[in-house]
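So the structure is just underneath, and the comments pick up after that.
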Amino acid sequence: MTTRPDLNRLKPVRSDAAPRLVIPGGSGFLGRAVARHFAAQDWDVVIVSRSRPPVPTPGRWVPWDALRQGEWVREIDGAAAVLNLAGRTVNCRYTAQNMLDIYTSRLDSTRALGRAMAAVERPPAVWLNSSTATLYRDARDRPQDEASGERGKGFSVDVATRWESALNELNLPHTRRVALRTAMVYGVGAGGVMETTDRVVRLGGAGPMAGGGQYVSWIHERDFCRAAQFLIGGDLSGPVNVCAPQPLPNAGFLRAYRQAWGVPLGVPSTASLIGLGAAVMKSEAELLLKSRWVVPGRLLDAGFAFEFPTWPEAIRDLVAQARREGHAGR
């Protein structure tokens with residue numbers, strides 16, 4: 001059993017400085033959530049991205065092209081941790097160009113970070129690098145954890161496999177590396193998945209999809225941030241499933257979602273209708289139809305306690321937040 005780390009303690013790299021967290025690709029929804037979480041605990045937060053965050057976000061912004069070494073490397077030197085979130089969204093049609101962009105945005109940025117860590121005088125103690133829970137097969141018979149989970153097949157799985165390989169290409173003896181096999185992160189704010197899903201639910205379109213038997217793995221935004229801090233302060237390395245411990249079938253997931261918004265009914269949809277809708281919205285049906293029955297075996301074994309372990313309590317909290325912040329009327 002791994003000793004549970006203190007979530008609020010990490011020694012600064014220098015005695016006169018707060019611990020620094022560098023977030024490549026941090027200008028999006030999830031990066032901004034992480035920046036708020038760590039800045040609230042007096043960390044020195046640095047977002048490294050092609051463009052500034054679109055809304056006010058704690059911390060400093062440093063530009064990069066996610067490929068070449070540049071001034072941003074100075075932020076890596078002496079950092080306590082790096083959390084890489086860089087990568088083109090997969091919510092698109094899998095055209096040849098989009099597939100190439102998905103590969104290169106992940107592999108090039110990961111390799112650029114590895115080269116930077118190999119070159120600096122004081123490399124970070126830990127490097128958390130995004131991966132994805134969709135690496136596992138379409139599972140409807142049993143949950144998939146890090147020890148016994150089985151890899152799937154296809155484009156998305158190949159992306160994840162190459163991404164994790166890129167994380168481990170270089171010899172970095174002073175940096176512990178963790179591949180974050182993250183499920184869908186739910187939170188309120190610009191650019192988050194709930195911008196789209198809330199609208200569908202509240203319009204009555206969120207009935208069971210293709211029978212509703214496929215499992216949905218998810219995690220509340222706050223638990224993602226807390227898990228990142230837990231991993232930084234602990235000693236786990238290698239792949240870690242970052243998801244809530246209680247995934248559930250699509251039908252139950254959407255039922256709880258509707259109840260949180262006070263929507264009594266949801267129109268069910270067939271696989272063919274979902275495929276047509278995905279094409280119209282320039283997305284892929286796989287994002288909704290694949291069964292992702294993923295559980296956080298290593299996090300639980302290490303003693304991580306989820307604030308939101310079940311979906312009904314998570315979505316009630318998020319809907320309450322959306323109402324408070326004025327998103328309910330959008």
Side-chain angles (χ1 to χ4, degrees), residues 22-31 34 47-51 63-70 72-73 76 82-119 127-138 144 146 149-172 175 177-185 191-193 196 217 224 238-243 275 278-279 281-290 292 294:
V22 180
I23 314 175
S27 62
F29 164 78
L30 189 53
V34 171
I47 291 175
V48 178
S49 60
R50 295 178 185 274
S51 58
W64 79 333
D65 65 1
L67 178 62
R68 286 174 283 271
Q69 306 295 285
W72 61 269
V73 175
I76 301 292
V82 171
L83 170 55
N84 181 27
L85 300 174
R88 187 201 193 284
T89 179
V90 296
N91 187 17
C92 62
R93 296 298 289 175
Y94 291 165
T95 64
Q97 184 60 57
N98 285 344
M99 291 168 70
L100 178 62
D101 291 344
I102 288 169
Y103 274 121
T104 56
S105 64
R106 285 157 175 74
L107 303 185
D108 288 350
S109 61
T110 299
R111 287 167 175 153
L113 287 167
R115 291 193 298 271
M117 292 182 204
W127 175 10
L128 308 181
N129 204 74
S130 290
S131 182
T132 172
T134 202
L135 177 144
Y136 299 102
R137 65 176 173 85
D138 182 301
Q144 307 288 296
E146 300 92 340
E150 300 169 324
R151 289 177 187 259
K153 297 179 181 178
F155 167 66
S156 297
V157 174
D158 188 58
V159 170
T161 300
R162 292 171 184 256
W163 205 0
E164 292 187 6
S165 295
L167 171 64
N168 295 299
E169 281 180 354
L170 297 181
N171 179 30
L172 301 173
T175 301
R177 285 169 275 191
V178 182
L180 304 177
R181 293 179 177 174
T182 306
M184 191 72 73
V185 181
V193 64
T196 299
S217 288
F224 177 88
V240 173
N241 292 346
V242 184
C243 54
M281 297 181 69
K282 298 183 179 180
S283 186
E284 290 288 338
E286 175 199 33
L287 299 177
L288 298 175
L289 298 180
K290 181 176 179 179
R292 295 171 173 84
V294 183

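Since the model is a prediction, treat every value here as computed from it, not as a measurement.
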For a side chain to side chain contact (heavy atoms under 4.5 Å, CB included) check, start with the C-alpha distance between V90 and R106, then their side-chain angles and the critical distance, and finish with the verdict. CA-CA 11 Å; V90 296; R106 285 157 175 74; 3.5 Å; yes
Taking all non-hydrogen atoms of both residues, which atom of [X] and which atom of [Y] are closest, and how far apart?
| X | Y | result |
| --- | --- | --- |
| V185 | V193 | O-CG1, 3.5 Å |
| A285 | A278 | N-CB, 3.6 Å |
| S49 | G26 | CB-N, 4.4 Å |

Between [X] and [Y] (side chain of the first, backbone of the second, donor and acceptor by atom type, cut-off under 3.5 Å), is there such a pair?
| X | Y | result |
| --- | --- | --- |
| S217 | R292 | yes |
| N98 | R93 | yes |
| S105 | R88 | yes |
| Q144 | E150 | yes |
| N241 | C243 | no |

Taking atom CZ of R68 as the centre, report whether more than 12 heavy atoms of other residues, nucleotides or ligands fall under 6.0 Å from it.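 At most 12 heavy atoms, drawn from other residues, nucleotides or ligands, come within 6.0 Å of this atom.
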Roughly how far, to the nearest 0.5 Å, is [atom2] of [Y] from [atom1] of [X]?
| X | Y | atom1 | atom2 | value |
| --- | --- | --- | --- | --- |
| L107 | L67 | CG | CG | 11.5 Å |
| M281 | C92 | CE | SG | 13.0 Å |
| K290 | E284 | NZ | CD | 13.0 Å |
| R115 | L172 | CZ | CG | 12.0 Å |
| R111 | E169 | CZ | CD | 4.0 Å |

Do [X] and [Y] make a side-chain contact, defined as non-hydrogen atoms from C-beta onward lying under 4.5 Å apart?
| X | Y | result |
| --- | --- | --- |
| R181 | V240 | no |
| L113 | W64 | yes |
| M117 | I76 | yes |
| I102 | F155 | yes |
| Y94 | S156 | yes |
| V34 | L83 | yes |
| T132 | T182 | no |
| T134 | V157 | no |

Determine, for W127 and R177, whether the Lys NZ or Arg CZ falls below 6.0 Å from the six-membered ring centre while staying within 45 degrees of the axis.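 Output no; distance or angle outside limits.
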Test: R151 cationic atom under 6.0 Å from Y136 six-membered ring centre, within 45° of axis: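 No; the conditions do not both hold, so R151 does not lie above the ring face of Y136.
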Does the pair D101 and Q97 meet the rule for a side chain to side chain contact (heavy atoms under 4.5 Å, CB included), with working shown? CA-CA 6 Å; D101 291 344; Q97 184 60 57; 2.9 Å; yes
Side chains of [X] and [Y]: is there a donor and an acceptor less than 3.5 Å apart?
| X | Y | value |
| --- | --- | --- |
| N168 | E164 | no |
| N84 | S130 | no |
| D108 | Y103 | no |

With side-chain hydrogen bond (donor to acceptor under 3.5 Å, both in side chains) as the criterion, how do T110 and W163 come out once you've worked through the C-alpha distance, each side chain's angles and the decisive distance to 0.1 Å? CA-CA 8 Å; T110 299; W163 205 0; 3.2 Å; yes
I23/V48 under side chain to side chain contact (heavy atoms under 4.5 Å, CB included): CA gap, chis, key distance, verdict: CA-CA 6 Å; I23 314 175; V48 178; over 6 Å; no
